[in-house]
> 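A single structure is presented below for examination.
Numbers for residues simply follow the sequence, beginning at 1. FYI, side chains are in, hydrogens and waters are out, and symmetry mates aren't considered; it's all heavy atoms of this structure. Small disclaimer: the values here were computed from a predicted structure and weren't measured.
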Amino acid sequence: MTRVLGVALALLVAVAAGSFANAAGESGATGQAGISLALPGDPGNFDPATNWLHILAAQQFLTLVDWDYGSSEPIPNAAESWTVSEDGRTYTFTLRSGLTWSDGSPVTAADFEYSFRTIVDPESAAPISYRAFVIENAAAVNAGEQPVSALGVHAVDDVTLTITLTEPATWFLSSLSSMGHSVPSAAREAHGTDWVKPENIVVNGPYKLVEAVAEDRYVLERNDSYFDAGNVDIPRITFFVVKDASTQLAMYEAGELDFIESIPPGELDRIRDDDMLGPEYYNGPRFVVYYYFFNMAKPPFNQVLVRKAFAAALDKDTVTSRITRGGEVPATTMTPPGSTGHVPNETGIGIPYDPEQAKAWLAQAGYPNGDGLPEIELGYNASQLHQNIAQAIQKMWQDTLGATVSLRGVEGRAYSVNAAQGAHDVWRMGWGMDYPDAHNIHMELFHSSVGQPATFKNPEYDRIIEEAAVASDLATRQQLYRIAERILVQDQVGVIPIYWYADNSLTKPHVDRPQTPQFMKLFKDWEVN
């Protein structure tokens with residue numbers, strides 16, 4: 001019956017999706033004109049200087065370096081080579097010769113200087129400008145205390161760029177694989193926010209936007225001016241905005257999508273057992289963590305014992321075995337496996353599921369059996385999966401602690417900002433690693449300087465991760481991150497890590513793609529047969 005219903009839904013969706021494929025120039029499961037993929041939501045802004053983590057930006061603009069997930073080391077991208085000063089603070093990059101923009105103009109070091117200045121310019125209001133604060137004077141520029149020209153990024157000549165840091169940072173090169181994309185200043189200044197529209201956009205990466213229909217589709221075509229265009233196999237990529245995972249799956253089965261990575265958990269068993277879909281299914285690790293934040297600005301979660309009680313009453317094994325069911329790994333710490341600074345579950349750091357201990361902690365906090373505990377609102381960004389997880393955890397907390405828990409699913413991009421300002425008592429978040437180093441989580445997500453009013457702040461934790469940020473010895477950094485994790489998830493319980501994601505995806509047989517755990521897909525590395 002499940003198979004019949006799945007086919008019926010696929011046929012219904014195919015009728016609507018067929019018009020998508022025609023509009024996109026027959027891009028689809030034939031592979032003849034490219035591939036078709038799904039976006040879970042409209043991208044909105046994908047200017048790489050202010051939102052460099054979007055999948056559309058990643059395909060169109062060059063970073064200085066790339067990251068090799070096989071060897072776990074930085075490799076050349078726009079920069080063909082680099083050197084580091086003896087004190088570990090100054091990086092000198094030499095650009096590849098002959099780099100050009102899609103309008104024929106040369107790519108120069110000044111384009112990278114402009115990009116980094118734009119990131120920290122307070123007028124840009126880049127939401128994660130703090131990622132650049134390791135660069136000399138970046139924080140002061142972003143605070144409006146110094147001009148953008150004071151930033152420690154300088155174009156020495158057309159092909160030489162220097163970046164001076166406030167302190168040594170062994171993780172800095174890996175961070176550049178997802179930050180500081182070169183930006184065409186002329187196009188951006190001439191057209192303002194409209195510079196990323198197809199008629200205005202100028203790129204230097206492997207693909208270029210040629211069609212954009214908000215809330216519908218975005219089409220990229222191979223950029224022939226890209227320095228390695230001869231090795232970019234797929235000529236055209238069509239992204240359809242398809243928010244519902246079940247609809248994505250139906251379109252895939254109908255032959256309208258070539259790849260999906262949002263599979264409803266209830267469909268996994270059918271897919272694994274299916275003669276056609278089984279061989280197209282892939283399961284592997286991903287550098288993403290699923291976790292819950294506490295509102296620590298008000299009762300009851302301003303008490304650490306209450307936070308500990310709620311953490312100990314959450315059965316992560318049940319979440320992954322009965323709800324997500326895709327090979328996700330229950331997490332006791334934050335940094336995903338495979339990243340520098342990962343602290344394995346086997347170390348014993350974190351709070352295990354222990355209902356009796358949870359009850360004892362809650363009683364010690366003054367709420368025996370939940371008596372006197374105010375109603376708890378659990379917020380999540382609306383999706384069926386997040387709702388299912390929230391409902392399960394709601395029952396765990398009610399049954400174990402006697403808590404009254406209400407659920408609130410929230411639509412829209414402002415969810416995470418409002419939540420961090422205190423909109424909920426507990427709220428769901430996920431973090432995909434921008435680069436595979438614990439610094440990306442600890443310093444850039446939980447340090448007090450980037451925290452919001454309702455979130456975790458701790459001076460000792462700040463001191464530890466600041467020390468880890470400048471340590472050059474890997475073993476020393478690893479030990480410091482163990483201490484930091486203990487403070488974050490065990491001693492102070494600023495968050496509850498729930499699980500590390502798994503890559504549960506379907507790929508048509510004519511598409512070859514790298515099986516890496518990275519958060520951001522780079523389609524220049526994909527091929528069609």
> Under 6.0 Å from the ring centre and within 45 degrees of the ring axis: does the NZ or CZ of Lys508 meet both conditions for the six-membered ring of Tyr252?
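The answer is yes, since Lys508 meets both limits relative to Tyr252.
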> Nearest heavy-atom pair of Gln421 and Gln452: which atoms, and what distance?
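Between these two residues, the closest heavy atoms are NE2-OE1, 2.9 Å.
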> In sequence, state the C-alpha distance, the side-chain angles, and the governing distance for Ile135 and Ile163, and then conclude on side-chain contact (heavy atoms from CB on, under 4.5 Å).
CA-CA 7 Å; Ile135 300 174; Ile163 300 180; 4.0 Å; yes
> Would you mind telling me which of Thr507, Leu257, Asp258 makes a side-chain contact (heavy atoms from CB on, under 4.5 Å) with Ile35?
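Output: one option passes, namely Asp258.
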> Does any N or O in the side chain of Arg428 come within less than 3.5 Å of the main-chain N or O of Ala390, such that one atom is a donor and the other an acceptor?
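No: the side chain of Arg428 does not pair with the backbone of Ala390.
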> Would you call Pro264 and Leu249 a side-chain contact if the rule is heavy atoms closer than 4.5 Å?
yes
> Write down the atom of Pro337, the atom of Phe287, and the distance for their closest heavy-atom approach.
O-CE2, 3.0 Å
> Anything under 30° is parallel, anything over 60° is perpendicular, the rest tilted; go ahead and classify Trp500 against His342.
perpendicular
> Is the shortest side-chain N to carboxylate O distance from Lys524 to Asp228 below 4.0 Å?
no
> Between the side chain of His510 and the main-chain N/O of Asn529, is any donor-acceptor distance below 3.5 Å?
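Answer holds: no.
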> Given 3.5 Å as the limit, does a donor-acceptor pair link the side chain of Asn137 with the main chain of Ala140, or not?
no
> Please determine which of Tyr292, Tyr291, Phe293 meets the ring pair (Phe, Tyr, Trp, His ring centres under 6.0 Å) test together with Trp427.
Phe293
> For the residue pair Asp437 and Ser174, confirm or rule out a side-chain donor-acceptor distance under 3.5 Å.
no
> Does a salt bridge link Asp121 with Arg188, judged by any charged N lying under 4.0 Å from a carboxylate O?
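Salt bridge absent between Asp121 and Arg188.
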> Judged by atom type as modelled, is there a donor-acceptor pair below 3.5 Å linking the side chain of Asn440 to the main-chain atoms of Met433?
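Not a single qualifying donor-acceptor pair exists.
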> Taking side chain as C-beta onward, heavy atoms only, is Glu466 less than 4.5 Å from Glu167?
no
> Below 4.5 Å, heavy atoms only, C-beta onward: do Phe46 and Gln60 meet side chain to side chain?
yes
> Hey, mind stepping through Glu189 and Tyr114 against side chain to side chain donor-acceptor pair (under 3.5 Å) and telling me if it holds?
CA-CA 11 Å; Glu189 298 296 333; Tyr114 173 82; 2.6 Å; yes
> Can Ile271 and Leu506 be said to form a side-chain contact (heavy atoms from CB on, under 4.5 Å), step by step?
CA-CA 9 Å; Ile271 288 169; Leu506 284 166; 3.8 Å; yes
> Could you measure the distance from the CD atom of Glu256 to the OG atom of Ser36? Nearest 0.5 Å is fine.
7.5 Å
> Is Lys243 atom NZ crowded by more than 12 heavy atoms from other residues, nucleotides or ligands, each under 6.0 Å away?
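No.
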> Quick one: do Glu328 and Arg286 make a salt bridge, cutoff under 4.0 Å?
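Salt bridge absent between Glu328 and Arg286.
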> When rounded to the nearest 0.5 angstrom, what distance separates OG1 in Thr63 from CZ in Phe112?
7.0 Å
> Do Leu161 and Leu95 come close enough that some side-chain heavy atom pair is under 4.5 Å?
no
> Can a donor-acceptor pair be found, under 3.5 Å and without considering hydrogens, that links the side chain of Asn283 to the backbone of Gly326?
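Indeed, once roles are kept as given, a pair shorter than 3.5 Å links the two residues.
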> Starting from the C-alpha separation in whole Å, work towards a yes-or-no answer on side-chain contact (heavy atoms from CB on, under 4.5 Å) for Met251 and Phe240.
CA-CA 10 Å; Met251 291 178 68; Phe240 294 119; 4.3 Å; yes
> Can you tell me if Ser102 uses its side chain to pair, donor with acceptor, with the backbone of Val203 under 3.5 Å?
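A pair under 3.5 Å: yes.
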> Would you check if Trp526 and Pro514 make a side-chain contact, meaning some heavy-atom pair closer than 4.5 Å?
yes
> If we only count heavy atoms from C-beta on, is the Trp67 to Ser72 side-chain gap below 4.5 Å?
yes
> Could you tell me which non-hydrogen atom of Arg513 sits nearest to which non-hydrogen atom of Phe259, and how far apart they are?
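For Arg513 versus Phe259, the nearest heavy atoms are NE-CE1, 3.3 Å.
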> Would Trp82 and Phe172 count as a close aromatic pair, with their ring centres under 6.0 Å?
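They do not qualify: ring centres at least 6.0 Å apart.
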> Any idea which heavy atoms bring Val202 and Trp195 closest together, and the distance?
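Between these two residues, the closest heavy atoms are O-CZ3, 3.9 Å.
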> Whether the side chain of Asn77 engages the backbone of Asp66 through a donor-acceptor N/O pair (distance < 3.5 Å, no angle test) should be reported.
no
> Within the 4.5 Å heavy-atom criterion, are Val107 and Leu62 side-chain neighbours or not?
no
> Find out whether Thr335 and His442 are in side-chain contact, i.e. whether some heavy atom of one side chain is under 4.5 Å from a heavy atom of the other.
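Side-chain contact under 4.5 Å: yes.
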> What's the spacing between Gln518 CD and Asp503 CG if we round to 0.5 Å?
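Between Gln518 CD and Asp503 CG, I get 10.5 Å after rounding to 0.5 Å.
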> Show your reasoning for whether side-chain contact (heavy atoms from CB on, under 4.5 Å) applies to Glu113 and His154.
CA-CA 6 Å; Glu113 179 187 78; His154 299 288; 4.3 Å; yes
> Show the nearest heavy-atom pair for residues Arg96 and Leu99, with the distance to one decimal.
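Scanning both residues, the minimum pair turns out to be O-CG, 3.7 Å.
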> Keeping the roles fixed (side chain from Asp111, backbone from Pro184), state whether a donor-acceptor pair exists under 3.5 Å.
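No, Asp111 side chain to Pro184 backbone: no donor-acceptor pair under 3.5 Å.
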> Under the 3.5 angstrom rule, does the side chain of Asn200 hit a backbone N or O of Asp194 as a donor-acceptor pair?
yes
> What distance separates Arg89 CZ from Leu165 CG, expressed to the nearest 0.5 Å?
7.5 Å
> Using only atom types and a distance under 3.5 Å, with no angle test, would you say the side chain of Ser383 pairs donor to acceptor with the backbone of His386?
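Yes; judged by distance alone, with no hydrogens or angles, the pair exists.
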> To the nearest 0.5 Å, what is the distance between CZ on Phe61 and CG on Asp47?
7.5 Å
> Any idea how Phe446 and Phe456 line up, ring-wise: parallel (<30°), tilted (30 to 60°), or perpendicular (>60°)?
perpendicular
> Got a salt bridge between Glu221 and Arg236, using NZ or NE/NH1/NH2 to carboxylate O under 4.0 Å?
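A salt bridge links Glu221 with Arg236.
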> May I ask you to check whether over 12 heavy atoms, not counting those of Glu199, lie within 6.0 Å of atom CD?
yes
> Distance check, rounded to the nearest 0.5 Å: Gln59 atom CD versus Leu522 atom CG?
5.5 Å
> Minimum heavy-atom separation for Tyr218 to Val241, with atom names?
CE1-CG2, 4.1 Å
